[in-house]
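Comments concern the structure below.
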Amino acid sequence: MVVAGAGSGKTRVITYRIAHLIRERGVDPESVLAITFTNKAAGEMKERIRAMMEHGGPTPWVSTFHSFCLRMLRKHISELGFSNDFAVYDAQDQLTLVKQCMKAAQISKEAFPAKSLLNHISGFKNDFILPEQLDLDSMSYGHQMKAAELYPVYQAALKSNNALDFDDLLASTAKLFQQVPSLREHYDKKFQYILVDEFQDTNAVQYELVRLLSMDVKNVCVVGDDDQSIYRWRGANIENILNFEKDYPGTTVIKLEENYRSTQNILTAAGNVVRENQGRNEKTLWTQNEKGDPVICYRAEDEIGEAEFVCDRIQNLSQEEGFAFNDIAILYRTNAQSRVMEDMLRKAEIPYQVIGGLRFYERREVKDVLAYMRVLINPDDSVSLKRIVNVPARGIGKTSLEKVEAFCREKGLTLLEGLRHVGQERILGAAATGKIGNFISILDHLDSVYRQSNPLELLSEVIDRSGYATMLNNEDTRESKGRMENLNELYSAVEQLVENENGTLREFLDSTALVADLDNLDDERGVLPLMTLHTCKGLEFSAVFLVGMENGLLPHASSMSDSAEYEEERRLCYVGFTRAKKKLFLSHARRRRIYGNTFNYLPSDFLNSIPSEVMERGSSTPDYNMNSPKQFSGSANTSYSSEAESESEYSIGTKVLHPKFGSGIVINRSGEEEDLKLEVFFKDGHGKKKLAANLANLIIL
DNA sequence: ATTGCTTGTCTTTTT
DNA sequence: GACAAGCAAT
């Protein structure tokens, strides 16, 4: 186990270890399995290993957990009673199916938001709790309990659609190895060497997978950094680092504490922020690098001023100091923050790319077109079928579809089978029957294309015959033109697949299901990347701008009520800082418009952790760099000017006292002046309360 | 019965 | 500001 700080060369350790094993120890490359966090990282690692080998030949398995599992399942899933043409459901598909199941199970969607139930189900899967293993007595409150009730229904629905969701890829593979010992043994023996990067972000299933593959051959090398654990909310478990030594007795632990990436000042700032966390392994990163420039912290009046500052400095770095745009990054906590930055970058004519946000393969038109192809491959996929049955509109509405569905339930047919029987069974009137017949004949035609030609021809036929092209052409708006462009882009993606790899349609669909945001990062051209703090993990840039350093954004408002979540925000901040090699710019705005409301945020608590020797403050208005950072966690806030006080009253993060509930912290606010509503999280088990500010008799602490 | 329109809701992070 | 659910108009 290699416990290694940021910038200490973790990934390099894995890459060189693999190269060493193969080159010096004569290990068969195909007996090596390396797990990375993104497909991009996997590709780069493979490339580097290949470069270190003398000649081509077999290569080690390098992939993400998800792609590894998908590969296993495509080969062996019949053992679990699925057909190997199963579909992979993304978050949208999952939600659609959950809603459908809730209707069937008569669960009120007002009392239980589908998203919340899905989150809990995902949580069960990440903890590797199968529906039959649910312990209802251990369930906490209402949502989790309801989710437990829905979980088996949802799994059954997935099965009848011959589909797995994202979390199933992992859980089902683990289940597969547990249920079929011969298979487990086979792969255990095959993979003599297993290496896992970013181990601090593995969850229970992933841990179990590693364990299952290393029972007979206990040769595992994991690399991680507990300070960079930022996926707790996704089920990641830092405990995995602790359990490791128990499950693998005789583990050698190697610490890497020298940082080769950042200047001393940046490292000091980052180290001080993360040091305040309680549950962490004490380690201090050091570097031989120069002290470097101080970290710059800029206070803007509003988010536009912040964006102006950022663009200004970027121009400066580019023109005066010769930084390439792709060596500078803008990082933020939430995707929504990118918009203002984009507007300003466009004005400044700086080329940029936003990583993340709405993914290409999640766009409506792309998903619609892909849904046609998914149905051809897997006719049981009713989620995709329902998506396209009336898209473009062809007169098959809600009521008709409901009747067909009822008929299907009664006869035990899949939706597609049901649609095919509409005519004979006289379920619907002549008009509706005819429309469904047309749709079926479109599908049949596409199916024959699918069987006879390549994916590229099929795609153009889908776009054409479905009526999608006509629909977009008729609309003739800026939006519809954009959608058409996306379809053209999809076309080039498939084109590439067919030309270069001679891939099949299913391989293409699989790859679309597994693309990560970061996989789209294109670091060749001089394009400036914008991304969230989560996405930036593993990357480095000469200059980094971390914007929105405010209580409520970083730390995010939703983390204020839970100390474990709050600590994760700190780590997130640490990850952001340590991406920077030479220059780190922080910024925060006094006012910020979000969702149409104006918020007055206070500067982030995390800024207070940074020693003034390594940080320089600036702002568009004077009086900022004079004082040390304001303290607002203590009892007195006399350092505020009166103007600042009225402005920041009840800001997110403010500690308050309530006559009944005692002390608490403001985690959200809405409305203005008289109608100001606060959401306050109280200690001592009172939990979240919504209060009207002028009625609640709150005392600001 | 379907369509296109309006209203209301909800926005942390993602393989 | 995006999107889904609910509405009146055809």
Side-chain angles (χ1 to χ4, degrees), chain A residues 35-42 63-70 88-92 94-96 99 109-110 113-116 119 122 125-126 165-171 198 201-203 205-206 229-236 331-340 355-359 361-364 390-403 428-429 431-432 435 475 479 511-519 531-537 548 552-560 562 565-566 568-569 571-573 575-576 593-597 667-668 670:
Chain A
I35 301 290
T36 58
F37 211 66
T38 62
N39 296 302
K40 182 167 184 284
S63 70
T64 63
F65 272 113
H66 291 267
S67 356
F68 171 78
C69 289
L70 184 53
V88 179
Y89 279 2
D90 69 9
Q92 284 176 42
Q94 289 179 53
L95 203 61
T96 313
K99 284 178 185 163
K109 61 182 188 227
E110 284 76 33
K115 249 203 181 131
S116 162
N119 263 336
S122 172
K125 292 184 181 182
N126 286 327
D165 72 14
F166 239 88
D167 306 305
D168 283 338
L169 292 180
L170 304 176
E198 306 281 10
D201 282 323
T202 52
N203 59 33
V205 207
Q206 292 168 333
S229 160
I230 53 175
Y231 285 100
R232 210 184 72 94
W233 52 273
R234 207 167 77 185
L331 308 178
Y332 36 76
R333 176 64 232 271
T334 66
N335 282 308
Q337 285 167 265
S338 75
R339 174 163 254 109
V340 195
I355 315 293
L358 187 60
R359 289 191 187 84
Y361 292 112
E362 285 172 5
R363 283 163 209 261
R364 194 166 58 207
N390 198 31
V391 173
R394 45 175 79 89
I396 306 171
K398 209 169 128 198
T399 12
S400 301
L401 205 60
E402 264 167 20
K403 281 180 190 161
L428 300 167
K435 285 166 183 166
E475 269 182 50
E479 196 196 330
S511 71
T512 67
L514 296 175
V515 278
D517 289 334
L518 204 55
D519 296 338
M531 69 191 97
T532 65
L533 289 168
H534 284 89
T535 308
C536 77
K537 192 167 71 158
L553 274 178
L554 181 69
H556 195 270
S558 61
S559 74
M560 298 273 193
D562 180 300
E565 278 183 42
Y566 186 81
E568 184 143 308
E569 299 288 311
R571 293 193 292 269
L572 217 35
C573 185
V575 168
R593 277 179 69 86
I594 297 178
Y595 321 130
N597 300 25
I667 58 174
N668 236 324
S670 57

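None of these values were measured; they are calculated from a predicted model. All heavy atoms count here, side chains included; hydrogens, waters and symmetry mates do not.
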**Asked** So do the side chains of A:L401 and A:N390 get within less than 4.5 Å of each other, counting heavy atoms only?
**Response** no

Ignoring backbone atoms, establish whether [X] has a side-chain N or O less than 4.0 Å from OP1 or OP2 of [N].
X      : N      : answer
A:S400 : B:dA1  : no
A:S558 : B:dT13 : no
A:T535 : B:dT14 : yes
A:R339 : C:dA2  : yes

Distance, nearest 0.5 Å, that separates [atom1] of [X] from [atom2] of [Y]:
X      : Y      : atom1 : atom2 : answer
A:R234 : A:T202 : CZ    : OG1   : 10.5 Å
A:I355 : A:S338 : CD1   : OG    : 11.0 Å
A:L514 : A:T38  : CG    : OG1   : 12.0 Å

Which whole-number value in Å describes the distance from [X] [atom1] to [N] [atom2]?
X      : N      : atom1 : atom2 : answer
A:K398 : B:dA1  : NZ    : C1'   : 11 Å
A:F166 : B:dT14 : CZ    : C1'   : 9 Å
A:N335 : B:dT13 : CG    : P     : 5 Å
A:H556 : B:dT11 : NE2   : P     : 11 Å
A:R593 : B:dT11 : CZ    : P     : 20 Å
A:R234 : B:dT14 : CZ    : P     : 9 Å
A:Q337 : B:dT11 : CD    : P     : 17 Å
A:I355 : B:dT13 : CD1   : P     : 15 Å

**Asked** A:N390 near the nucleic acid: base, sugar-phosphate alone, or nothing, with a heavy-atom cut-off under 4.0 Å?
**Response** sugar-phosphate

Given [options], which nucleotide is nearest the side-chain atoms of [X]?
X      : options               : value
A:K115 : B:dT14, B:dA1, B:dT11 : B:dT11
A:A393 : B:dT14, B:dT3, B:dT15 : B:dT3
A:T334 : C:dG1, B:dT13, B:dT15 : B:dT13
A:K99  : C:dA5, B:dT2, B:dT14  : C:dA5
A:K403 : B:dT3, B:dA1, B:dT15  : B:dA1

**Complete:** Assert: residue with more 5' nearest nucleotide on DNA chain B, out of A:N39 and A:A432, is A:A432

**Asked** Can you find a side-chain donor-acceptor pair between A:T64 and A:H66 that sits under 3.5 Å?
**Response** no

**Asked** Is the aromatic ring of A:F65 within stacking range of B:dT15, meaning centres under 5.5 angstrom and planes under 30 degrees?
**Response** no

